[in-house]
Every structure is written in C-alpha cells, then in structure tokens.
Peer 1: 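Have a look at this one.
Side-chain atoms are counted along with the backbone in the values below, which use heavy atoms only and exclude waters and symmetry mates. Numbering of residues begins at 1 and proceeds along the displayed sequence.
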Amino acid sequence: MYLDINSSVMLKQFSFKSSLLPFSSHSRRSSSKLHRPIGATMTTFSTQNESTQKPVQVAKRLEKFKTTIFTQMSILAVKHGAINLGQGFPNFDGPDFVKEAAIQAIKDGKNQYARAYGIPELNSAIAARFREDTGLVVDPEKEVTVTSGCTEAIAAAMLGLINPGDEVILFAPFYDSYEATLSMAGAKIKGITLRPPDFSIPLEELKAAVTNKTRAILMNTPHNPTGKMFTREELETIASLCIENDVLVFSDEVYDKLAFEMDHISIASLPGMYERTVTMNSLGKTFSLTGWKIGWAIAPPHLTWGVRQAHSYLTFATSTPAQWAAVAALKAPESYFKELKRDYAAKKEILVKGLKEVGFKVFPSSGTYFVTADHTPFGLENDVAFCEYLIKEVGVVAIPTSVFYLNPEEGKNLVRFAFCKDEETLRGAIERMKQKLKRKV
C-alpha cells in the first residue's frame, strides 16, 4: 500500500494520539467525525525537484482498514527505544536442525517453484502430524494444501469458500486479518463477544446467532489475543449447531502446541465435523520461525477444492527450501514439543507474576504466548491512551485490544502482552514498568 512507502510518512499520517484510533478497522465506526475518509488522506511523494500531495487509493472493501496495529507498534517501539512485548514474534531463533535442513535444501538446488499445493514430502508430514494429534487419517494429496503462512490459509479458505453476502460468525476479540479477509470476500460478519475473566463462549447467544442463513464460523483455539482455549463443551455445542444448520467451520489452530492448562482439541476430530471443517495451522509459532511463512490447510476434498483455487491465484506456491525444512520440523520427536511447552510456561510465569506485581489485573491464559490484562488501575482513559503512555513514558510496548473487536468499546479496558521473548527481555520490561508505571486507582 502507498502508506508503507516510508516510515516517516506513516508515522506522520498515523500519529499515535489517544483521541484517535487511526490504525483500527473499527475506529471509524465510533468516531467518524475525527477521521477523514481514506480517499481524502494525503501522502507526500518526494521527487527530484518537488513534493506533491496525492490522495491514497484503495478499494472500498478495504478503505476502513489502515496499516496494522502490529506494524505501527513495532515502528513506535524502535522510535522510542521501547521493549516490544506487543507483536507476537520471538526474539530468539528457531532450532538449528530445522535451519540446517533449509540450508541443505538450498545447497541441493531445491530453489525453484514447488508444486502449487505443497511438495509431496511436506504434505505427507503434515498428514502424519495431524493423525498423531487428532487420530484423523487424511489423504496428503487430496486434503492438505501448503500455504504461505496460516494468514494465507485463512485468506484462501475465505476467498475460496465464502460468497458475497454469506454470513460468517466471528468470536471477538479476534486476529485482525479475519475481518479484513472476510471484507475482501464480501461476507456479512456477525460477532459473538468473549468477555473476561474467562472469555467463555456465551452459548445461549451463540445458539441464537446460528441459523440456516449462517454459512460458516471462523474460530481460533488456543485463542489470540486472550489465551483462552475452547472447552470440549463449547466445541461440542459449536459442532451440534453446525451439523444442525449445515454450517462450515474455519479453525485457526496455530497455537495448538502451546496449550498449558488443558489439552488442545481440534474441532475436526469431533463426530460429524471433519467433513465441514477447514483446519489451518503453521510452522512459525511452534518452531520460532515466523518469517518463513509456512502454513497449511487440511480439509475434505470438496472443501479443499475451493481453498486450492484461491491459493493458486494468491501465491500459487510457497518457498521450496523452507518446505523441505518444514518436513524436518514436523518429524521432531515429542521431546521437542514438551520442552517447548515447558520453556513457554516458565516465560509466562515470569510475565504474569511481574504484571501482577506492577498492578495489572491479569486474566488467565491457558494457551498461546499471550496474556491479556486490565490496564484501568493506571488511570488512562482507554487502551490506546494507555499503550501510548506505556511506549513513550515507560518504554514498553503492549497491544491495545480494542482493534480486535467489532465494537472497540468492548476492548477499551484491555491490553495484550506477548511472552515469546527471552527471560532477560521479559524481566527488563517488568522492571521498567515497576519503576515508571504507578497505579492511580
């Protein structure tokens, strides 16, 4: 997009003021008088002899969406020298055996286009891992599609299986790409809000929301940003409603190996659900290789067809050497996953304990590498104002959660912290907050 031409332009355009929510896809709804329509936004382009102003251009289906909160927060972190506990990427590297497999693949000349839906070895490795995790046997050639990260798997599923006007149910708060991708697909979005302290699904509200007009439910467990894991009762209720009303499920399970207090359950494994479910996952979170963008979608053949059709015209194929390395990753022994969970549990304990000592009300996180906290004891008017203060005055980055809601008011008291950082970084952030962040109430 034109907004990303250089960071100085973007920071100027999206000045981080607590009275504005320029980065949120939702802010225009609640404070439209404070924002010019995107077609009227001016960006400066420098030429050899002059600077001219041109209105940025974007299709109507995307005009309410701005530069993502994650991009902006990372830029502000650098600008203010803040410790970044906002964006969910590790500040440590992935395992050597996976990186070495990628290097070997490059040296072996595996550098040209891969087969569109994945190299056969990776499709087989994904199917084998899925069988080990869920007990389901899938055909790697007909039911597994390799994508450029889980975000592309989500996009391919939405664009390949959702028609304009189709109703899709989302659980708020949600990963921000969900709404944008559904907007590109022309879907009608219906929201169900998960509320603290436990972010449980309001089952009666869900039952009332799902009708024969519902095309799909898009869900995420373990859940970003709250860390909630959907319980068996919740999943069985979703399954029953989907079967009764002939509804599809798109299930984002990228944090399945980061489940702490309970076992992860894939909804596709419930009776009658595989035939109506697209299960999406990726390599990045489990192996600390988020920059590789290796993801996949698993679905029965009649749904895989739509996913692959969209994938063919989105990216066509995914990085070949990284796919070969992913084969090695997915064949890792169970000891790797146990050690991963143990390491992240220790990091979570450091962050949660520290945040409580600082004065936050911290809500339970059963999975992912995120925790959500109530910032209101510190006296700022909303999550955006608090995160602005936290970056500029304290030197720590968190994510305001209001950007993850259809109605941003529902998230204004909450912020998200990531603990996918080394222990020194986590302790350093806590120490800064202890020194500079004071409770007001």
Peer 1: Provide the closest heavy-atom pair for Leu303 versus Ala299 in the form atom of the first, atom of the second, distance.
Peer 2: CB-CB, 4.0 Å
Peer 1: Start with the C-alpha gap between Leu351 and Val371, add the side-chain angles, then the distance that decides, and say whether side-chain contact (heavy atoms from CB on, under 4.5 Å) holds.
Peer 2: CA-CA 8 Å; Leu351 181 60; Val371 295; 3.6 Å; yes
Peer 1: Do Val168 and Ile189 make a side-chain contact, defined as non-hydrogen atoms from C-beta onward lying under 4.5 Å apart?
Peer 2: no
Peer 1: Using the rule side-chain contact (heavy atoms from CB on, under 4.5 Å), only one of Thr277, Ile154, Leu161 pairs with Phe250; which is it?
Peer 2: Leu161
Peer 1: Could you check Lys348 against Glu261 for salt bridge (Lys or Arg N to Asp or Glu O under 4.0 Å), going step by step and ending with a plain yes or no?
Peer 2: CA-CA 12 Å; Lys348 185 179 90 164; Glu261 272 76 45; 3.3 Å; yes
Peer 1: Filter on salt bridge (charged side-chain N to carboxylate O under 4.0 Å, His left out), then keep only pairs touching residues 97-125, sequence neighbours left out; what's left?
Peer 2: Asp93-Lys99, Asp96-Lys99, Arg115-Glu141
Peer 1: Would you say the side-chain atoms of His311 pair up with the backbone N or O of Phe316, donor to acceptor, closer than 3.5 Å?
Peer 2: yes
Peer 1: So, taking the atom named CG in Asp256 and the one named OG1 in Thr134, what distance separates them when rounded to the nearest 0.5 Å?
Peer 2: 10.5 Å
Peer 1: Can you give me the closest heavy-atom contact between Gly411 and Thr401, atom names plus distance?
Peer 2: O-OG1, 3.0 Å
Peer 1: Is there side-chain contact between Met219 and Ile169, with at least one heavy-atom pair below 4.5 Å?
Peer 2: no
Peer 1: Between Phe199 and Lys228, is there a cation-pi geometry (under 6.0 Å to ring centre, at most 45° from the normal)?
Peer 2: no
Peer 1: Give me the ring orientation class for Phe360 and Phe386: parallel if the planes are under 30° apart, tilted from 30 to 60°, perpendicular past 60°.
Peer 2: perpendicular
Peer 1: Using the side-chain hydrogen bond (donor to acceptor under 3.5 Å, both in side chains) rule, take Glu143 and Thr304 through it: C-alpha gap first, then chi angles, then the decisive distance, then the call.
Peer 2: CA-CA 6 Å; Glu143 299 175 281; Thr304 291; over 6 Å; no
Peer 1: Measuring only between side-chain heavy atoms, which start at C-beta, is Thr368 closer than 4.5 Å to His223?
Peer 2: no
Peer 1: Taking all non-hydrogen atoms of both residues into account, name the closest pair between Val254 and Thr286 and its distance.
Peer 2: O-OG1, 4.2 Å
Peer 1: Parallel, tilted or perpendicular: which fits the ring planes of Tyr274 and Phe130, with parallel below 30° and perpendicular above 60°?
Peer 2: tilted
Peer 1: Between Ser282 and Gly149 (side chain of the first, backbone of the second, donor and acceptor by atom type, cut-off under 3.5 Å), is there such a pair?
Peer 2: no
Peer 1: Show the nearest heavy-atom pair for residues Phe370 and Pro225, with the distance to one decimal.
Peer 2: CB-O, 3.7 Å
Peer 1: Return each pair, listed once, that meets salt bridge (charged side-chain N to carboxylate O under 4.0 Å, His left out) where at least one residue sits in residues 317-346; pairs must be two or more places apart or across chains.
Peer 2: Arg129-Glu334
Peer 1: Just to verify, what does Glu423 make a salt bridge (charged side-chain N to carboxylate O under 4.0 Å, His left out) with, not counting sequence neighbours?
Peer 2: Arg427
Peer 1: For Ile119, does its backbone N or O pair with a side-chain atom of Gln323 as donor and acceptor, under 3.5 Å?
Peer 2: yes
Peer 1: For Lys361, which of Leu355, Asp374, Leu414 qualifies under side-chain contact (heavy atoms from CB on, under 4.5 Å)?
Peer 2: Asp374
Peer 1: Flag yes if more than 12 heavy atoms outside Tyr313 fall under 6.0 Å of its OH atom; otherwise flag no.
Peer 2: no
Peer 1: Consider side chain to side chain donor-acceptor pair (under 3.5 Å). Of Thr181, Thr145, Thr315, Thr318, which one does Glu152 pass it with?
Peer 2: Thr315
Peer 1: So, Thr214 side chain and Val210 main chain: donor-acceptor pair closer than 3.5 Å or not?
Peer 2: no
Peer 1: Measuring from atom OG1 of Thr151 to atom OH of Tyr175, what distance do you get when rounded to the nearest 0.5 angstrom?
Peer 2: 3.0 Å
Peer 1: Under a plain distance cut-off of 3.5 Å, with no hydrogens placed, do Tyr255 and Asn220 share a side-chain donor-acceptor pair?
Peer 2: no
Peer 1: For residues His264 and Glu253, determine if any side-chain heavy atom of one lies less than 4.5 Å from a side-chain heavy atom of the other.
Peer 2: yes
Peer 1: Is the shortest side-chain heavy-atom distance between Ile267 and Ile238 below 4.5 Å?
Peer 2: yes
Peer 1: Within the structure provided, determine whether Asp176 and Phe65 are in side-chain contact (heavy-atom separation under 4.5 Å).
Peer 2: no
Peer 1: Cation-pi between Lys421 and Phe89: NZ/CZ under 6.0 Å from ring centre and within 45° of the ring axis?
Peer 2: yes
Peer 1: Which pairs pass salt bridge (charged side-chain N to carboxylate O under 4.0 Å, His left out) with one or both residues in residues 200-210, sequence neighbours excluded?
Peer 2: Glu204-Lys207
Peer 1: Mark yes or no for whether His302, through its side chain, and Glu275, through its backbone, hold a donor-acceptor pair below 3.5 Å.
Peer 2: yes
Peer 1: Do Phe171 and Pro202 come within less than 4.5 Å of each other through their side chains, counting heavy atoms only?
Peer 2: no
Peer 1: Looking at Asn413, is its backbone amide N or carbonyl O close enough to the side chain of Asp383 to form a donor-acceptor pair, meaning the two atoms are under 3.5 Å apart?
Peer 2: no
Peer 1: Could you grab the distance from atom CG of Asn91 to atom CG of Leu426, nearest 0.5 Å is fine?
Peer 2: 8.0 Å
Peer 1: Shortest non-hydrogen contact from Cys387 to Ile399?
Peer 2: SG-C, 3.8 Å
Peer 1: I would like to know whether Tyr117 and Val146 meet side-chain contact (heavy atoms from CB on, under 4.5 Å); could you show each step before the answer?
Peer 2: CA-CA 5 Å; Tyr117 54 92; Val146 175; over 6 Å; no
Peer 1: First locate atom CH2 of Trp292, then atom OG of Ser148, and finally report the distance between them rounded to the nearest 0.5 Å.
Peer 2: 14.0 Å
Peer 1: Looking at Asp246 and Arg276, is there a salt bridge between them, counting it only when a charged N and a carboxylate O are closer than 4.0 Å?
Peer 2: yes
Peer 1: Checking the side chain of Arg131 only, and the main-chain atoms of Val138 only, is there a donor and an acceptor separated by less than 3.5 Å?
Peer 2: no
Peer 1: Just wondering, do Val397 and Leu390 contact through their side chains at under 4.5 Å, heavy atoms?
Peer 2: no
Peer 1: Quick check for you: to the nearest 0.5 Å, what is the distance between Met273 atom CE and Leu136 atom CG?
Peer 2: 11.5 Å
Peer 1: Quick one: which of Ile217, Thr211, Val247, Leu206 gives a side-chain contact (heavy atoms from CB on, under 4.5 Å) with Leu241?
Peer 2: Leu206
Peer 1: What verdict does the side-chain contact (heavy atoms from CB on, under 4.5 Å) test give for Arg232 and Leu270, after you've listed the backbone C-alpha separation in whole Å, the side-chain angles of each residue and the deciding distance to 0.1 Å?
Peer 2: CA-CA 9 Å; Arg232 180 171 290 277; Leu270 298 185; 3.6 Å; yes
Peer 1: For residues 159-170, pull every pair meeting salt bridge (charged side-chain N to carboxylate O under 4.0 Å, His left out), keeping only residues two or more places apart or in separate chains.
Peer 2: Asp166-Arg215, Glu167-Lys190
Peer 1: Do Tyr405 and Phe174 have their ring centres less than 6.0 Å from each other?
Peer 2: no
Peer 1: Do Val307 and Trp305 pass the side-chain contact (heavy atoms from CB on, under 4.5 Å) test, and can you show the C-alpha distance, the side-chain angles, and the key distance before you say yes or no?
Peer 2: CA-CA 6 Å; Val307 174; Trp305 175 253; over 6 Å; no
Peer 1: CG of Leu76 to NE2 of His80: how many Å apart, nearest 0.5 Å?
Peer 2: 5.5 Å
Peer 1: Run the salt bridge (charged side-chain N to carboxylate O under 4.0 Å, His left out) test against Lys285 and tell me which residues pass, sequence neighbours left out.
Peer 2: none
Peer 1: Ignoring hydrogens, what is the shortest heavy-atom contact between Phe287 and Ala332? Give both atom names and the distance.
Peer 2: CE2-CB, 4.3 Å
